[in-house]
Amino acid sequence: MGLLTGKNAIIFGLANDKSIAWGITQAFAREGARIGISYAGEALEKRVRPLAAQVGADFVEQCDVASDEQIAAVAEKARAHFGEVDILVHSIGFANKDELQGYFYNTSRAGFHLAMDISVYSFVALAKAFQPFLRKGGALLTLTYYGSVKVAPNYNMMGVAKAALEASTRYLARDFGPQGVRVNAISAGPIRTLAAMGVSGFRDMHKSFLEIAPLHEHVTIEDVGNAAVYLCSDWAAKVTGEIHYVDSGYNIMGTPEPGAFKEKQE
Ligand code: NAD
C-alpha cells in the first residue's frame, strides 16, 4: 500500500521531464495515486503524453488557465472521469520576460495583471471549479518561492505574485476547512526548469544558493515530489494553510557563512 493508494490526484503544470510537476507526478504514482494530468496547450502535448503514459495516467487534458471556459471544461471532464477528486496540484506560474529583470518599478500594468492572473488567480479559479467534487480528506497544493517574503533580484513581479499566492493559500485553507480539504504550498529552492530559466541571473543565483543553504545541496524535483506526497497524504491530516519550505534550509539563514564567497572577492 502506498501513502496515496485510493486517491485520485490531478496535477496542473506539467511541461516536460524537468518540471516540478513531473517530480510530483512520479512521487504520487509511486505512492499509488490514480493520476490525472493537465497541461497548458497543444504545443506541449507531444512531451506530456509520453510522460503521462509512463505513470499510467488515464486522464490527460489540456487547459489554459487564462480561460474560465477551459477551467470549467477540464473540471467537468475530471468529474465525469474520476467522480470525486482527492488531490489537486497547481504547479503553474508565468510572467513576461520583461517583468523578470531590472527594476521592479518598470513592471507594466498589463504585465502585472498577466502574472497575477496566471500565477495566482488560476489557483483560486481551479479550487472553485473542483470544489463541488473534492472528497473529504483531500488536499490542494501550490508551488511558491522565497522571493515572496524577501527580495530576490530580478524575480520582481513573480515575488509579488507569490506573496499573493501564499495569502491565497491561507484564505483558501479557511474556506475549505469545513469541507475537510486542506490547502498548502511548497516553497521550493531554485531548480533549473523552463520557468526558472526565464528569470534573469537565475544561473548565478542557483550557484550561490549552494554556499548559503545549510545543507549545501540543490533541491531536486524528487525532493519536492516527496514533500508533496506528505502534504497531500493523510499523514498531514491536520496541516493546512502552511507554506512548507523545501529549500535545503536556505530561508533560515540571515547571512552567508564567513568566507563563503571568498574566491569571488579576491
Ligand atoms: P515549468 O516551466 O516546468 O512549469 C511551469 C508550468 O506553468 C508549465 O507547465 C507551463 O505550461 C504552465 N503554465 C504557464 N502558463 C499557463 C497557462 N496559461 N495555463 C496553464 N498552464 C500554464 O517550471 P517549474 O519550475 O516546474 O514551475 C512550476 C511552479 O513551481 C511555478 O509556480 C513556479 O513559480 C514554481 N517554483 C519554481 C521554482 C524553480 O526554481 N524552478 C522554485 C519555486 C517555485
Side-chain angles (χ1 to χ4, degrees), residues 10-26 37-48 51-52 60-71 73-74 88-97 99-100 113-123 125-126 129 141-150 152 154-166 168-169 185-199 201-209 213 218-225 227-228 243-248 250-251:
I10 177 154
I11 296 145
F12 286 81
L14 183 60
N16 56 40
D17 65 359
K18 307 281 183 295
S19 293
I20 290 175
W22 181 233
I24 294 174
T25 300
Q26 286 177 297
I37 285 172
S38 178
Y39 59 98
E42 231 172 281
L44 296 175
E45 189 169 358
K46 66 174 187 305
R47 282 189 203 283
V48 169
L51 294 174
V60 187
E61 292 291 338
Q62 180 180 323
C63 174
D64 177 349
V65 295
S67 157
D68 288 336
E69 291 73 31
Q70 290 193 30
I71 288 177
V74 80
L88 184 150
V89 176
H90 171 271
S91 187
I92 290 174
F94 185 80
N96 281 326
K97 241 183 144 62
E99 260 68 59
L100 298 171
H113 286 168
L114 181 68
M116 293 295 277
D117 188 22
I118 306 301
S119 314
V120 187
Y121 180 71
S122 64
F123 186 41
L126 286 172
L141 181 72
T142 189
L143 273 299
T144 185
Y145 175 63
Y146 188 49
S148 60
V149 288
K150 298 285 180 191
N154 300 311
Y155 198 61
N156 296 358
M157 184 54 223
M158 276 309 287
V160 172
K162 292 303 193 192
L165 181 67
E166 292 175 16
S168 302
T169 300
I186 288 178
S187 185
I191 303 174
R192 286 166 173 253
T193 62
L194 215 58
M197 297 314 261
V199 181
F202 177 82
R203 277 170 203 279
D204 286 346
M205 194 265 272
H206 186 253
K207 226 164 127 188
S208 62
F209 172 87
H218 278 126
V219 174
T220 65
I221 61 171
E222 289 76 21
D223 294 327
V224 179
I243 312 302
H244 181 77
Y245 283 86
V246 179
D247 69 343
S248 295
Y250 186 97
N251 75 94

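Counting from 1, the numbers follow the sequence of the chain as shown. Both counts, for ligands and for their atoms, begin at 1 and track the order of listing.
- Taking atom 42 (C) of ligand 1 as the reference point, the nearest protein heavy-atom neighbour is Ala188 O, 3.5 Å.
- Counting the atoms of ligand 1 from 1 in the order shown, those under 4.0 Å from a heavy atom of Thr193 are 23 (O), 24 (P), 25 (O), 26 (O), 41 (N).
- Residue Phe94 has no N or O atom closer than 3.5 Å to an N or O atom of ligand 1.
- In terms of protein heavy atoms, atom 2 (O) of ligand 1 is closest to Ala195 N, 3.0 Å.
- Inter-residue side-chain proximity for Ile191 and Asp223 is flagged as unmet; no heavy-atom pair is nearer than 4.5 Å.
- Ranking the protein heavy atoms by distance from atom 19 (N) of ligand 1 puts Val65 N, 3.0 Å first.
- Close approach of ligand 1 to Ala15 is summarised as follows: ligand atoms under 4.0 Å from at least one heavy atom of the residue are 8 (C), 9 (O).
- In this structure, atom 29 (C) of ligand 1 has protein heavy atoms in its sub-4.0 angstrom surroundings.
- With Ser67 contributing its side chain and Cys63 its backbone, the two residues share no donor-acceptor pair below 3.5 Å.
- For a threshold of 3.5 Å applied to N or O pairs, the pair formed by Ala21 and ligand 1 contains no separation below that value.
- For atom 16 (C) of ligand 1, the nearest protein heavy atom (residue, atom name, distance) is Ile118 CG2, 3.8 Å.
- The shortest heavy-atom distance from Cys63 to ligand 1 is under 4.0 Å.
- For atom 3 (O) of ligand 1, the nearest non-hydrogen atom from the set Ser19, Ser148, Ala66 belongs to Ser19.
- Taking only nitrogen or oxygen atoms, main chain and side chain alike, Ile191 reaches within less than 3.5 Å of ligand 1.
- Ser38 contributes a side-chain N or O that, together with a main-chain N or O of Glu61, makes up a donor-acceptor pair within less than 3.5 Å.
- Of all the heavy atoms of Leu14, the ones lying under 4.0 Å from any atom of ligand 1 belong exclusively to the backbone.
- Scanning the protein heavy atoms around atom 13 (N) of ligand 1, the nearest turns out to be Ile92 CG2, 3.8 Å.
- At least one N or O atom of Ile20, backbone or side chain, sits closer than 3.5 Å to an N or O atom of ligand 1.
- Nearest protein heavy-atom contact of atom 9 (O) of ligand 1 is Gly13 O, 2.8 Å.
- Here the heavy atom of the protein found nearest to atom 32 (O) of ligand 1 is Lys162 NZ, 2.9 Å.
- Heavy atoms from both the backbone and the side chain of Asp64 come within less than 4.0 Å of ligand 1.
- At a 4.0 Å heavy-atom cut-off, ligand 1 touches Leu143 through backbone and side chain alike.
- For ligand 1, the atoms closer than 4.0 angstrom to any heavy atom of Leu44 are 11 (O).
- With a 4.5 Å cut-off on side-chain heavy atoms, Val219 and Ser248 count as touching.
- Counting heavy atoms from C-beta on, the side chains of Lys162 and Thr144 come closer than 4.5 Å.
- Checked by atom type and distance alone, the side chain of Thr193 pairs as donor or acceptor with a backbone atom of Ala196 at under 3.5 Å.
- Judged by the shortest distance from any of its heavy atoms, Gly189 lies inside the 4.0 Å radius around the atoms of ligand 1.
- Nearest to atom 22 (C) of ligand 1 by heavy atom, out of Pro190, Gly93, Ala40, Ala95, is Ala40.
- Not a single heavy atom of Arg192 sits under 4.0 Å from any atom of ligand 1.
- At a heavy-atom distance under 4.0 Å, only backbone atoms of Thr144 (N, CA, C or O) approach ligand 1.
- Within the 4.5 Å cutoff, no side-chain heavy atoms of Asp247 are placed close to those of Tyr146.
- A donor-acceptor distance shorter than 3.5 angstrom exists from the side chain of Ser119 to the backbone of Phe94, with no hydrogens or angles considered.
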